[in-house]
2 protein chains.
Amino acid sequence: MPRGRPRVLLDGPIDKWLDQFLPHLSVDCVVFGFHGGDLKLLVVKWPGLDVWTLPGGYVGLEQSLEEAAHQVLRFRTGLRHVHLRQFQAFGRLGRKEAFGRKLFLTRYSDVDPDLWVFKRVVSIGYYALVDFQKARPTTDPWSDSCAWYPVDAHPPLAYDHDGIVGCAREALRAALDVPGAGASLLPERFTMPELQRVHEAILGRPLDRRNFQKRMLDRGGVERLAERRRGGAHRAPFLYRFTVSPDGVGF
Amino acid sequence: MPRGRPRVLLDGPIDKWLDQFLPHLSVDCVVFGFHGGDLKLLVVKWPGLDVWTLPGGYVGLEQSLEEAAHQVLRFRTGLRHVHLRQFQAFGRLGRKEAFGRKLFLTRYSDVDPDLWVFKRVVSIGYYALVDFQKARPTTDPWSDSCAWYPVDAHPPLAYDHDGIVGCAREALRAALDVPGAGASLLPERFTMPELQRVHEAILGRPLDRRNFQKRMLDRGGVERLAERRRGGAHRAPFLYRFTVSPDGVGF
DNA sequence: CCAAAAGTGTTGCAATTACACCCATGC
DNA sequence: GCATGGGTGTAATTGCAACACTTTTGG
């Protein structure tokens, strides 16, 4: 499977390329975006086999898990400073890596089936919240496409990645009550209804407009700007800005 | 570092022994007990160096992470069905494994410093809640001792294990509001005051006796038995039993 | 009989929920 | 001017925290 920095993908034989990573380990990223009123998920399609997966990557020998996840995000979305949170490690057996070999065979004729990528891989799951507008889904030479899908209607994913997505959504829901939650899914300046749509999409249920606004302002972490959003068909809503980082700490 | 099944520890050379595990990976277990009114932590002392760590182990090539953690628990406490929960993976650089080499040198004169155990190891953190009475802390031939310490006054741990303990306590606190929480720290039958002490120890603050009892009964998951605890100096309290598993699911 | 711990009920506050009214904008 | 969405306030409810009284047991 093609993961990690693209620039080294094509240099030399595969086994040498794999030597730069911690064997049997990977990070998988559940990348959430928000657009058109619902949550989007970034998925990667691999050529030939009609197989989709989460974007992921291997971990360099001298690279922290977090750095590895950031690298995946930077590579797949072009974004550098992304809200990223580890939520679970997935290490049960039967995380079939068999299709990976087929994938390699589409590029290389003779691949050693004993390489660790075809055996068991333990994966550390991260979820990421990105600004849909700024993200530039990037397809590499290995993959057919890298694109957003509605999180409730994405193509079935290989391995146990569907389960990983469910797990990530749960973790995301649980993290929703800290000040600044959902910030990273929106542009820097946003309106209160927009923030509400984000919360509704994550929780999966409608929220009361007025109570929502009150709670957000009482909780702190948001700052109302003088400006309003122009151009809408109705009363112009205020713009807001977050005053805390996505992790709940002040800037 | 001596981890994993004891029976294979002494068979053959170390590098062969290590071949049965996923390289660069381990599980570390934060084992909580409850005794004499406060939380205890199970720690292991390694010989010669005045070094303590959490009980941990490596992950077999055909073993799930959870199985590996269960194996550590079974080995260190003799308990088979333990409430175990993964809470975080620790993979940042600088998790110095240097002392491990010294440890091996106390047993073997010539150890290859290129073995993966001396390089970087990513560790999956599990916390466990065990019945203090039933647990039998077990020292193996490699370690000086395996013993309970008050969680607020345990010897400083090597690596980043002190940080791991803090992380585990936080996860434990967050998991305290599900029905059946704290069950696994007590014997099968327990009194309400006992359960309250557990919650107080985890939260680190006193709780109101009456509100506590009400909440526990309203929430469900506990069942009052006919019997009472005899022999106390005062009014005999009722005995209770949990009707849900530690994970919040009914039996 | 007294001290100390356990069982049960009631009150009051505070946070959340439900709901009503006014304002702005485009067609 | 009217439909639609946005901003603000208030009443109702509920969940939780504070607190009082009774019961049991050993000494």
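Here is the naming used below: chain letters follow the sequence lines, and residue numbers restart at 1 for every chain.
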Interatomic distance where CZ belongs to B:Arg205 and P belongs to D:dC16 [whole Å]: 12 Å
Rounded distance in Å - CG (B:Asp218) to C1' (C:dT8): 13 Å
Test: B:Arg224 cationic atom under 6.0 Å from B:Phe238 six-membered ring centre, within 45° of axis: yes
Nucleotide D:dC16, atom P - distance to CG of B:Leu203 in whole Å: 14 Å
For atom CG of A:Asp208 and atom C1' of D:dG9, their distance in whole Å: 13 Å
Parallel, tilted or perpendicular, as decided by the 30° and 60° cut-offs, for the rings of B:Phe87 and B:Tyr127: tilted
Whole angstrom value for the distance that separates P of C:dT16 from CG of A:Leu217: 14 Å
Flag side-chain contact, heavy atom, 4.5 Å: A:Met192 against A:Leu217: yes
Results of ring-ring contact (aromatic ring centres under 6.0 Å, His included) for B:Phe190 - residues two or more places apart only: B:Phe242
d(CG, B:Asn211; P, C:dT8) in whole Å: 14 Å
Whole-Å distance separating the CG atom of A:Leu207 from the C1' atom of C:dC19: 16 Å
Full working for side-chain contact (heavy atoms from CB on, under 4.5 Å) between A:Thr138 and A:Cys146: CA-CA 6 Å; A:Thr138 303; A:Cys146 173; 5.7 Å; no
Nearest-angstrom distance from the residue atom NZ of B:Lys214 to P of C:dG9: 10 Å
Sugar-phosphate, base or nothing in reach of A:Arg229, heavy atoms under 4.0 Å: nothing
Charged tip of B:Lys40 within 45° of B:Trp148 ring normal and under 6.0 Å: no
Residue met sooner reading DNA chain C from 5', once A:Gly231 and A:Arg215 are mapped to nucleotides: A:Arg215
Show each protein N/O and nucleotides 1-7 of chain D N/O combination with a separation under 3.5 Å, one pair to a line.
unit_1 : atom_1 : unit_2   : atom_2 : d
D:dT4  : O2     : A:His234 : ND1    : 2.7
D:dG6  : N2     : A:Arg235 : NH1    : 2.7
D:dG6  : N3     : A:Arg235 : NH1    : 3.4
D:dG7  : OP1    : A:Phe238 : N      : 2.9
D:dG7  : N7     : A:Arg209 : NH1    : 2.7
D:dG7  : O6     : A:Arg209 : NH2    : 3.0

